[in-house]
Amino acid sequence: MKYYTIQNESILIADNSAALAKYYNNVQELPIDYEYNKYIIENGTLVINSNFENEQEQKEHERIARLSLTSADVERAIYKAKGLDFEDILELVKDNPEIDVKALKIEFKANNFYRGNPYVDIIGGVLGYSSNDLDFLFENKELPEEQEVNNDGMVLE
């Protein structure tokens with residue numbers, strides 16, 4: 001168990017109450033589920049941060065957007081999953097008015113691909129991948145295996 005006290009709008013934490021009680025009053029047990037930013041100081045009291053979940057989701061979104069893979073990693077993953085390389089993808093989207101093919105060709109020459117790049121979602125969608133599938137790619141350097149689905153939309157094992 002850890003203990004805390006609030007001093008000058010700061011949370012002081014120690015492994016035992018005596019370490020804090022020697023110098024400070026109002027030493028209390030730290031909540032078992034204490035996480036940095038999950039609790040805030042409000043009117044001199046430790047309370048749950050009502051924005052904690054949203055802040056954590058935003059941080060995770062930002063972390064994923066910064067993930068990167070080399071161009072070779074991306075092309076290899078697409079080739080392994082779909083049998084397509086970048087030239088095949090350019091051919092596939094050449095008549096799509098929503099895609100600037102010349103700009104995409106330039107993107108394909110980049111050394112690194114970042115998850116946050118909008119082209120990742122566009123081409124991923126063209127290839128039938130969801131946002132979660134693309135997150136998986138950038139976390140694992142491979143696309144998730146496609147699952148067989150029956151006529152009712154149920155995944156076959």
Side-chain angles (χ1 to χ4, degrees), residues 1-82 89 93 96 98-100 103-104 106-108 110-150 152-157:
M1 179 59 62
K2 293 196 179 264
Y3 298 85
Y4 78 96
T5 187
I6 297 172
Q7 299 296 317
N8 300 322
E9 296 299 309
S10 294
I11 303 168
L12 304 177
I13 300 173
D15 289 329
N16 61 62
S17 62
L20 292 172
K22 184 174 180 180
Y23 301 102
Y24 304 105
N25 297 324
N26 197 21
V27 175
Q28 299 175 40
E29 285 186 6
L30 201 58
I32 292 171
D33 64 346
Y34 180 81
E35 285 183 54
Y36 182 73
N37 287 342
K38 184 173 185 178
Y39 289 85
I40 58 173
I41 301 168
E42 194 170 275
N43 298 324
T45 305
L46 198 62
V47 296
I48 292 179
N49 177 358
S50 61
N51 292 324
F52 179 73
E53 296 296 326
N54 292 337
E55 290 171 3
Q56 294 305 104
E57 285 179 29
Q58 181 62 31
K59 285 180 184 178
E60 179 63 4
H61 178 74
E62 291 168 2
R63 183 190 72 79
I64 289 172
R66 288 189 305 269
L67 292 176
S68 68
L69 292 174
T70 67
S71 177
D73 288 334
V74 172
E75 192 166 16
R76 188 179 305 109
I78 294 170
Y79 181 74
K80 182 179 173 187
K82 298 281 189 182
I89 293 171
V93 301
N96 186 328
E98 296 179 15
I99 297 175
D100 182 341
L104 179 60
I106 293 167
E107 289 293 329
F108 282 162
N111 290 330
N112 292 300
F113 284 38
Y114 289 88
R115 175 63 186 98
N117 184 324
Y119 276 109
V120 171
D121 285 318
I122 292 169
I123 299 305
V126 167
L127 295 175
Y129 292 107
S130 70
S131 182
N132 288 340
D133 293 336
L134 298 172
D135 292 348
F136 184 91
L137 166 64
F138 278 82
E139 292 275 13
N140 300 286
K141 291 188 178 182
E142 65 181 13
L143 288 158
E145 290 185 24
E146 293 187 23
Q147 298 176 330
E148 291 187 47
V149 179
N150 67 16
D152 297 327
M154 303 296 289
V155 175
L156 300 174
E157 294 186 28

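What you see is a predicted model, and the numbers here were worked out from it, not measured in a lab. Numbers here are sequence positions counted from 1.
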Are a donor atom and an acceptor atom from the side chains of Q56 and E60 found within less than 3.5 Å of each other?
-> no
Determine yes or no for a side-chain-to-main-chain donor-acceptor pair under 3.5 angstrom, with N43 supplying the side chain and T45 the backbone.
-> no
Does OH belonging to Y79 count more than 12 external heavy atoms closer than 6.0 Å?
-> no
Name of the residue among T70, D73, V74, L69 meeting side chain to side chain contact (heavy atoms under 4.5 Å, CB included) with N112 = T70
May I ask you to check whether over 12 heavy atoms, not counting those of K38, lie within 6.0 Å of atom NZ?
-> yes
How about D33 and Y39: does a side-chain donor come under 3.5 Å of a side-chain acceptor?
-> yes
Heavy atoms from other residues, nucleotides or ligands near CG of N111 exceed 12 (cutoff 6.0 Å) = no
Considering non-hydrogen atoms only, spot the tightest contact between L143 and A77 and give its length.
-> CD1-O, 3.8 Å
Going by atom types alone, do N117 and E107 pair a side-chain donor with an acceptor below 3.5 Å?
-> yes
May I ask you to test the E139-I64 pair for a side-chain heavy-atom distance under 4.5 Å?
-> yes
Spacing of Y3 atom OH and I13 atom CD1 [to the nearest 0.5 Å] = 13.5 Å
Side chains of E35 and N37: donor-acceptor distance under 3.5 Å anywhere?
-> no
Test item: I89 and F108 side chains (from C-beta on) under 4.5 Å apart, heavy atoms | yes
Would you be so kind as to tabulate the donor-acceptor pairs closer than 3.5 Å made by side chains of residues 125-138, with sequence neighbours excluded?
from, atom 1, to, atom 2, distance (Å)
S130, OG, N132, N, 3.4
S130, OG, D133, N, 3.1
S130, OG, D133, OD2, 3.3
S131, OG, R115, NH2, 3.2
D133, OD2, S130, N, 3.0
D135, OD1, R115, NE, 2.8
D135, OD1, R115, NH2, 3.3

Atom CD of E9 and atom CD1 of I40: how far apart are they, to the nearest 0.5 Å?
-> 10.5 Å
